[in-house]
Colleague: 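Got a structure for you, questions after.
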Amino acid sequence: MALTPNWRFILATLLVLWMWASQSTARTLPDASMVEKHENWMAQFGRSYKDDAEKAMRFKIFKDNVEYIESFNEAGAKPYKLAINKFADLTNEEFKASRNGYKMGSQPKSSKASTFRYANVSAVPASMDWRTKGAVTAVKDQGQCGCCWAFSAVATTEGINQLTTGKLISLSEQELVDCDTSEDQGCNGGLMDDAFEFIIGNKGLTTESNYPYQGVDATCNTKKESSRVAKITGYEDVPANSESALLKAVANQPVSVAIDAGESDFQFYSSGVFTGECGTELDHGVTAVGYGKTSDGTKYWLVKNSWGSSWGENGYIRMQRDIDAAEGLCGIAMQASYPTA
Ligand SMILES: *[C@@H]1O[C@H](CO)[C@@H](O)[C@H](O)[C@H]1NC(C)=O
């Protein structure tokens, strides 16, 4: 009888301890694993922060992004997957500010781009992949410089050059960033059509290896620039808001396209056919290098991006094709163009 109160006391204490322990486990364990995830991610992508305050701030963003990505993938509601990639410690605003760079507001200066040479193309192959035809260089990485426009213009210039000469030569984006400054604005953005204008007037571009990418605005190196290897004589705009016109063009050569790449799902896209959400506020220049259809019948555009090969499907994204809206998914059919030999 004397033992009873003691036992009660011990049991109550144990119960309280157990509840406290399990609660604190519930409270700290996910954070502990998230901290570990963040540390592993930092090691994987070689990221470091200047002090603990910045690290704590970045951790919070990382955690929010990871939770979003994991719940998106678990829901499995879309035909594409997201992944914790090198952009995982950036807010969507930071990401948009530093990785895109297509100046939608400004219209290209020239009116040369009036004809559409593929207007009367009546038959196109069921699928196309310009990579397998040797017309596409390896995926490049624009880094923290908003010069997507230069990467897109260079990719289609590389394409037409290979189609006409048989030689695939990697060309210089930095030359466009540094030297094409009358309309385009280097890391602050530009338009592919203005870049084509520059390349025509400049009588070509030099090679990537001669004038390598720096990822910052610099002074035009006229000596390097004078060694030109690939020229174009013109460029044409694909009639706007027609995926069937875009198809005729992409069936014949890689095509520069502008898209709205501003959403988180684009930031963290990893695989599958991207179906949005996305709007039509064109903020990113990329390159349509093919098209096709999945085994379940989903039609897609094969798009080369310039965010390195760790993003998406080895640097590429498949974007849904032939959607109900005339502008195409993320506005892909709104401002497409290509250089001509
Ligand atoms: C397409 O065909 C029409 C009618 O034959 C012709 O007038 C037009 O010039 C052709 N367009 C091109 C780009 O060949």
Side-chain angles (χ1 to χ4, degrees), residues 102 104 106-136 149 152-168 171 183-184 190-205 230-259 280 282 285-293 299-304 319-341:
Y102 185 81
M104 186 196 190
S106 52
Q107 284 299 316
K109 262 287 181 66
S110 139
S111 55
K112 278 184 196 159
S114 52
T115 53
F116 179 50
R117 66 184 53 201
Y118 304 122
N120 296 337
V121 167
S122 54
V124 299
S127 67
M128 177 52 75
D129 183 345
W130 286 109
R131 297 174 301 185
T132 65
K133 314 253 179 203
V136 185
W149 58 273
S152 174
V154 161
T156 49
T157 303
E158 290 168 345
I160 194 67
N161 189 54
Q162 192 275 345
L163 290 175
T164 50
T165 68
K167 280 188 232 141
L168 181 64
L171 301 172
E183 298 298 327
D184 291 318
L191 294 176
M192 285 79 87
D193 279 4
D194 288 330
F196 296 142
E197 283 285 329
F198 170 83
I199 300 169
I200 296 163
N202 195 53
K203 308 228 165 10
L205 279 180
K231 66 179 173 63
I232 59 175
T233 60
Y235 67 96
E236 293 173 357
D237 287 343
V238 177
N241 301 326
S242 165
E243 285 193 272
S244 63
L246 185 56
L247 186 71
K248 292 176 184 178
V250 179
N252 283 283
Q253 67 179 97
V255 173
S256 288
V257 290
I259 56 173
T280 56
L282 309 178
V286 289
T287 312
V289 296
Y291 57 86
K293 199 194 230 184
K299 293 183 191 170
Y300 62 83
W301 296 108
L302 177 62
V303 174
K304 185 189 191 189
M319 296 176 64
Q320 191 179 16
R321 177 166 63 93
D322 282 350
I323 66 164
D324 285 341
E327 316 88 68
L329 189 72
C330 314
I332 194 169
M334 291 169 73
Q335 288 185 12
S337 60
Y338 52 87
T340 55

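For ligands, and for the atoms within them, numbers begin at 1 and follow the listed sequence.
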Colleague: Is there a donor-acceptor contact under 3.5 Å from the side chain of S242 to the main chain of P239?
Modeller: no
Colleague: Taking non-hydrogen atoms within less than 4.0 Å of ligand 1, which protein residues qualify?
Modeller: F116, N120
Colleague: Would you mind checking if E236 and R117 are paired as a salt bridge, meaning a charged N to carboxylate O distance below 4.0 Å?
Modeller: yes
Colleague: Donor-acceptor pair, distance only, cut-off 3.5 Å: does the side chain of Q253 make one with the backbone of P339?
Modeller: yes
Colleague: Say whether, by atom type as modelled, one donor and one acceptor occur between the side chain of S256 and the main chain of S152 under 3.5 angstrom.
Modeller: yes
Colleague: Under the side-chain hydrogen bond (donor to acceptor under 3.5 Å, both in side chains) rule, collect the residues that match up with K248, sequence neighbours excluded.
Modeller: none
Colleague: Taking the inter-plane angle between the rings of Y338 and Y118 on a 0 to 90° scale, is it parallel (under 30°), tilted (30 to 60°) or perpendicular (over 60°)?
Modeller: tilted
